[in-house]
Amino acid sequence: MKYIVAIKSDSCLNQLKQLQVNDVIVSDSYYSSSITDNDISKTIELIQKVKSANLGCIVRVDRLYDQKEIEELSQYLLLLEKNKVDALLFSDIAVKVLVDQLKLSVKTIYAPETLLTNYYDIELLKDNGVSGCVISKDIPY
């Protein structure tokens, strides 16, 4: 089993390693839907600390983007690639399109605002190179 935990600061990294957590999710206040006070520079610093702790790093870019934000989003994705994040957790298909256009090596995990309800949803995502998906944020297994 793989353990993934969302964090807001680096204060818990050693404890998470002891608990055998595999990956952590980090986010900033602009590109994610998460409530955090991390700006981009704090997020990059946190990513670097996560990678130094030998943990996988997933970055939330899970808000919906307006057309005028696409170029700025592209630059942010390039910055995340440069900092060797392992995966992006996204809700807007534009993120996946940009990852492909920019030829980034980062994995993508689709976390839609709605439920994925059947086999065909997941197969379509797999066929389009999405590495994983969130079936439901609200319904426990």
Side-chain angles (χ1 to χ4, degrees), residues 1-67 69-141:
M1 181 174 289
K2 194 170 189 178
Y3 297 104
I4 302 171
V5 176
I7 62 170
K8 292 184 181 184
S9 74
D10 65 333
S11 62
C12 59
L13 291 178
N14 288 332
Q15 185 179 15
L16 292 176
K17 286 212 40 116
Q18 292 173 0
L19 294 170
Q20 298 180 336
V21 167
N22 305 93
D23 301 303
V24 296
I25 301 172
V26 300
S27 55
D28 70 80
S29 59
Y30 184 74
Y31 290 99
S32 85
S33 64
S34 181
I35 298 172
T36 180
D37 61 351
N38 288 344
D39 61 13
I40 293 172
S41 62
K42 283 183 185 175
T43 301
I44 296 301
E45 183 180 318
L46 184 55
I47 290 167
Q48 292 168 348
K49 289 179 179 179
V50 167
K51 297 304 289 180
S52 293
N54 291 319
L55 291 165
C57 186
I58 301 168
V59 178
R60 286 180 100 130
V61 285
D62 65 338
R63 56 172 275 256
L64 303 177
Y65 302 96
D66 187 89
Q67 183 64 36
E69 299 173 295
I70 296 299
E71 181 56 38
E72 195 176 342
L73 175 61
S74 296
Q75 296 306 309
Y76 184 62
L77 296 176
L78 288 167
L79 180 62
L80 296 177
E81 171 89 355
K82 179 181 174 186
N83 282 278
K84 299 179 175 40
V85 301
D86 297 293
L88 302 173
L89 185 71
F90 72 98
S91 297
D92 191 327
I93 296 298
V95 172
K96 175 62 175 145
V97 171
L98 290 173
V99 165
D100 292 346
Q101 285 180 350
L102 297 168
K103 296 180 175 34
L104 304 181
S105 62
V106 64
K107 292 181 181 177
T108 52
I109 304 167
Y110 186 49
E113 294 297 316
T114 59
L115 299 177
L116 294 177
T117 59
N118 61 63
Y119 164 86
Y120 297 106
D121 290 336
I122 297 167
E123 282 301 305
L124 180 65
L125 292 169
K126 283 175 40 181
D127 290 347
N128 285 291
V130 175
S131 304
C133 64
V134 174
I135 302 296
S136 168
K137 299 180 222 180
D138 303 317
I139 300 173
Y141 178 66

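The model shown is predicted, which means the values in this text are computed figures rather than measured ones.
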Kindly write out the residues that satisfy side-chain hydrogen bond (donor to acceptor under 3.5 Å, both in side chains) with [X], not counting sequence neighbours, or none if the list is empty.
| X | answer |
| --- | --- |
| Ser29 | none |
| Ser32 | none |
| Thr43 | none |
| Asn22 | none |

From [atom1] ([X]) to [atom2] ([Y]), nearest 0.5 Å:
| X | Y | atom1 | atom2 | result |
| --- | --- | --- | --- | --- |
| Leu88 | Leu98 | CG | CG | 10.5 Å |
| Tyr30 | Ile40 | OH | CD1 | 8.5 Å |
| Ser33 | Leu64 | OG | CG | 9.0 Å |
| Leu89 | Ile25 | CG | CD1 | 5.5 Å |
| Leu55 | Ile4 | CG | CD1 | 11.5 Å |
| Leu78 | Leu73 | CG | CG | 9.5 Å |

Side-chain heavy-atom pair Val26, Asn38 within 4.5 angstrom cut-off: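 No, side chains not in contact.
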Gln48 side chain reached by Ile44 side chain, heavy atoms, under 4.5 Å: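 They are in contact (side-chain heavy atoms under 4.5 Å apart), so the answer is yes.
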Restricting to pairs with a member in [range], which pass salt bridge (charged side-chain N to carboxylate O under 4.0 Å, His left out), not counting sequence neighbours?
| range | result |
| --- | --- |
| residues 119-136 | Glu123-Lys126 |
| residues 79-94 | Lys51-Asp86 |
| residues 96-107 | Lys96-Asp100 |
| residues 10-24 | Lys2-Asp23, Asp10-Lys49 |

Minimum heavy-atom separation for [X] to [Y], with atom names?
| X | Y | value |
| --- | --- | --- |
| Val50 | Gly56 | CG1-O, 3.7 Å |
| Ile109 | Cys133 | CG2-N, 3.9 Å |
| Thr36 | Asp28 | CG2-C, 3.4 Å |
| Leu102 | Ser74 | CD1-O, 3.8 Å |

Test side-chain contact (heavy atoms from CB on, under 4.5 Å) applied to Leu80 and Val106, step by step: CA-CA 9 Å; Leu80 296 177; Val106 64; over 6 Å; no
Residue pairs involving residues 3-26 (criterion ring-ring contact (aromatic ring centres under 6.0 Å, His included); sequence neighbours excluded):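 For residues 3-26: none.
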Residue pairs fulfilling ring-ring contact (aromatic ring centres under 6.0 Å, His included) with at least one residue in residues 31-52, sequence neighbours excluded: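 Every pair satisfying ring-ring contact (aromatic ring centres under 6.0 Å, His included) with a residue in residues 31-52: Tyr31-Tyr76.
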Partners passing side chain to side chain contact (heavy atoms under 4.5 Å, CB included) against Cys12 (at least two apart in sequence or in another chain):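 Cys12: side chain to side chain contact (heavy atoms under 4.5 Å, CB included) contacts with Ile7, Leu16.
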Partners meeting salt bridge (charged side-chain N to carboxylate O under 4.0 Å, His left out) with Glu69 (sequence neighbours left out):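 Partners of Glu69 under the salt bridge (charged side-chain N to carboxylate O under 4.0 Å, His left out) test: Arg63.
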More than 12 heavy atoms of other groups within 6.0 Å of Ile35 CD1: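 Atom CD1 in Ile35 is not packed in, count stays at 12 or less.
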Over 12 non-hydrogen atoms of neighbours within 6.0 angstrom of CG in Asn14: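 Atom CG in Asn14 is not packed in, count stays at 12 or less.
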Pair Ile93-Tyr110, side-chain contact (heavy atoms from CB on, under 4.5 Å): steps then yes or no: CA-CA 8 Å; Ile93 296 298; Tyr110 186 49; 3.8 Å; yes
